[in-house]
Amino acid sequence: MDGVTITTRRAAIAGIAAAATALGLGEIVAAFITPLSAPLSAVGDAVIAISPEGLDRWAKETFGTADKPLLLGGTLVLLGVFAAGIGILARRRLAYGMAGIVVFTAIGVLSAVTRPTAEALAALPSVMGGAGAAVLLYLLLELPAGQEPAAEDPRMFGRRRFMVTAGAAVAAAGVGGFAARTLGQGSMVEQARGEIKLPAPADPAPGLPASTKLKVKGITPWHTPNGDFYRIDTALTVPKLDPAQYRLRVYGRVERELDLSYQDILDMPLIERDITISCVSNEVGGPLVGNARWLGVRLSDILDKVKPHKGADQLVGRSSDGFTAGAPTELCRDGRDAMLAVGMNGEPLPVDHGFPVRMIVPGLYGYVSATKWLTELQLTSFDDFDAYWIPRGWSTPSPIKTTSRIDTPSSSAKAGTVTVAGVAWAQHRGIEAVEVRVDNEDWREAELAAEASTDVWRQWKWTWKDAEPGTHTLTVRAVDGDGETQTEKVAPVAPDGATGLHSVKVTVE
Ligand SMILES: Nc1nc2c(c(=O)[nH]1)N[C@H]1C(S)=C(S)[C@@H](COP(=O)(O)O)O[C@H]1N2
Ligand SMILES: [Mo]
């Protein structure tokens, strides 16, 4: 070989640098189209979309809400390994490396153009990223190989040039890509959100008696602050909708279609209600539940305007990213406070929780009702359309299971008097009683906070007077507003919600 020697290690680094450059360039180009078309987002989203229901559920159960960072991290590690391989192949023959880049570009392009919301130019970020990677690989591997070695120290010359080229490319793509992510659409939407002044509700939330909230250390706060509210969705990159451009289309089996702007929605009479929402994937005792004060338009007001046809028994909410959830039309207008929410705990919906508009239906799990980033309401039937989670093994809408949770103590307590406390929920039926059991003793009636409405959870507490040293098991169960006692029968989260009783093991000292 007569040019500068290229070591395997250097070839691997060249491959990784080319991949990093491709991702950064892709982010920059995507900032001018839509963040969802960036190669990493597009591929991640495609993986979520095609992953079989079992894998999806496994990821949720194993990683909880950390599944997205893990998916991204895993994708990056895999990409790094392949990129190093491409570099090594390119060292043997540049054409091999180029072929590898073409394959990866194709994966990016295919992922981007098959997203349900793909824009016309969705392929461009991956194509430009791939082109950038090809150029860099050529500069790093082919040019130096053909070049005359410098007289004094051939290795030195080659190494410096290599490091500068690779470093500059990765740094430029990295800084540019990061800037594109943070200064692009996302920050514009955050700014627009910050400038919104929500109108006062025509029908404010009913006043709460002081006794709605218990003063117990360690109990779940009655209102969940927005920053602590659980988040569940399939979005790897959260949709950022500009309220100025926002449209909500109401169509399907209706007498009259509607097309509303964000302002049109704000101009309608707004109601304000405390409503507890929960996720069907919540394990017994789990954290996927929260209570917020929502501000929004009654769904029945919207439905009265469009006049659904007979047989349009399903109201499907579709989000800007293609997710769908379908609720029974009748239930959305049976007098309950089903709404299109624009506000959450006194501020515009946070972007993570569906800004600018989402659906909330008291008494239904989120996956069949609570579409975030809502852009379409479609009147159809359950026979004609399956929403997102239905073909993935989850059932059509069914009532939320009666659930109770012990918040405190969590694992240890001091002997003597111990306050046991938590929350219980059975939205739209309400909670009538909560009972606590120590080990295998009798069930004891807990004290309940006042009921704000049947659509919210109730805090409860029970004073354990004579906690003796040792390990004890505390168990809780609730009775719902229909007088039904929470079942101790254990069921998994799929297909329609977990059952069983929440227990904690407490070491008393
Ligand atoms: N667009 C969109 N909306 C969605 C989802 C989703 O994946 N995408 N997930 C639903 C599910 S399963 C739940 S439990 C709730 C969670 O709402 P939160 O993230 O505001 O708590 O949102 C619902 N709305
Ligand atoms: Mo959910």
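Atoms within a ligand are numbered from 1 in the order they appear, just like the ligands themselves.
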Region of Trp373 that comes within reach of ligand 1 [heavy atoms, distance under 4.0 Å]: side chain

Check Phe323 against ligand 1 and report side chain, backbone, both or neither, counting heavy atoms closer than 4.0 Å. side chain

Scan side-chain atoms only and decide if [X] and [Y] contain a donor-acceptor pair under the 3.5 Å cut-off.
X	Y	value
His223	Asn291	no
Gln427	Ser278	yes
Ser381	Asp383	no
Arg115	Ser41	no

Looking at ligand 1, does any of its N/O atoms fall within less than 3.5 Å of an N/O of [X]?
X	value
Thr234	yes
Lys372	yes
Asp233	no
His353	yes
Phe229	no

Quick check on contacts: which atoms of ligand 1 are under 4.0 angstrom from a heavy atom of [X]?
X	value
Tyr367	11 (C), 12 (S)
Cys279	14 (S)
Ser319	1 (N)
Thr371	3 (N), 24 (N)

CZ (Phe178) with more than 12 external heavy atoms under 6.0 Å: no

For atom CE of Met268, is the number of surrounding heavy atoms from other residues, nucleotides or ligands below 6.0 Å larger than 12? yes

Any chance you could measure Tyr388, atom OH, to Thr371, atom OG1, to the nearest 0.5 Å? 12.5 Å

Gln486 and Ser404: side-chain hydrogen bond (donor to acceptor under 3.5 Å, both in side chains), yes or no, with the steps? CA-CA 8 Å; Gln486 179 181 347; Ser404 50; 2.7 Å; yes

Compute the minimum heavy-atom distance from Arg358 to ligand 1 and say whether it is under 4.0 Å. yes

